[in-house]
Amino acid sequence: TQGAKPSPQNSAASALNIQITEAQETTRRLEQAIAQYLPKEIGIPIQSVSCPTQPILFMGNVFDCTVKIAEGTFPVKVTVKNAEGQVTLKTRQILLLSEAETRLQQSIKQREGLEMKANCGRKIKIVKKVGETFQCQLVAPSGKRGIATMTVTSKEGKVDAKWKVPGSGM
């Protein structure tokens, strides 16, 4: 009977090794897919993507992968949509400044009737915490200048803006 014990252990070890290999392959494919897709969405190059090992992508699984860019790292929430491995991605803790500038310009025009060009700096901002603030420069076609203080209101990068343009009543 002692001779029979090692056989099931070897069998289990073999199965485990295969499963680990499959999990590593599943995870590698997921990381590659994110690395190919995300730069098109956010408009900046990605250095690397790291996801927790996923043996199988089960429908409804939700987990975070870490994306590294030149400015730092940020999480991407991955939700598995079906057993075929379709996923949805939601960036977190990263703010696309071009979107913030567009929304700020629209808000100023809607509320104040002023055409202002907003410049918040680089293409993106990695958000460390809710409540963090940063500033955007405002310039009107007339040359009038102002400033907007942007406050991060969510981990998904939503912001609230308060602006001031001298002589406009803001």
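The first residue of the sequence shown is numbered 1, and numbering continues consecutively from there. Given the structure is predicted, the values throughout are model-derived calculations rather than measurements.
- When all heavy atoms are compared, the tightest approach of Gly131 to Thr151 is O-CG2, 3.9 Å.
- Taking each heavy atom of Met116 and Lys144 in turn, the nearest pair found is CE-O, 4.1 Å.
- Side chain of Ser50 to backbone of Thr66: no donor-acceptor contact under 3.5 angstrom is found.
- Residues Gln137 and Ile147 meet the side-chain proximity criterion, which asks for heavy atoms closer than 4.5 Å.
- Contact check on Glu31 versus Arg28 returns no salt bridge, with no Lys/Arg side-chain nitrogen under 4.0 Å from an Asp/Glu carboxylate oxygen.
- A distance-only check finds no donor-acceptor pair linking the side chain of Ser107 to the backbone of Arg103 [under 3.5 Å].
- What you find for Gln105 and Ala118 is that their closest heavy atoms are OE1-N, 2.8 Å.
- For the pair Thr73 (side chain) and Lys68 (backbone), a donor-acceptor distance under 3.5 Å is absent.
- In this structure, the side chain of Glu112 does not engage the main chain of Gln110 through any donor-acceptor pair within 3.5 Å.
- Residues Met150 and Leu104 meet the side-chain proximity criterion, which asks for heavy atoms closer than 4.5 Å.
- Of the possible polar contacts, one joining the Glu101 side chain to the Cys120 backbone as a donor-acceptor pair under 3.5 Å is found.
- The other members of the hydrophobic cluster of Phe63, by chain and number, are Leu30, Ile34, Tyr37, Leu38, Ile42, Ile44, Ile46, Val49, Leu57, Val67, Ile69, Phe74, Val76, Val78, Val80, Val87, Leu89, Ile94, Leu96, Ile124, Ile126 (side-chain heavy atoms under 4.5 Å, ILVMFWY only).
- Between Arg92 and Asp64 there is a side-chain heavy-atom pair separated by less than 4.5 Å.
- Side-chain contact check for Lys81 versus Thr88: some heavy-atom pair is nearer than 4.5 Å.
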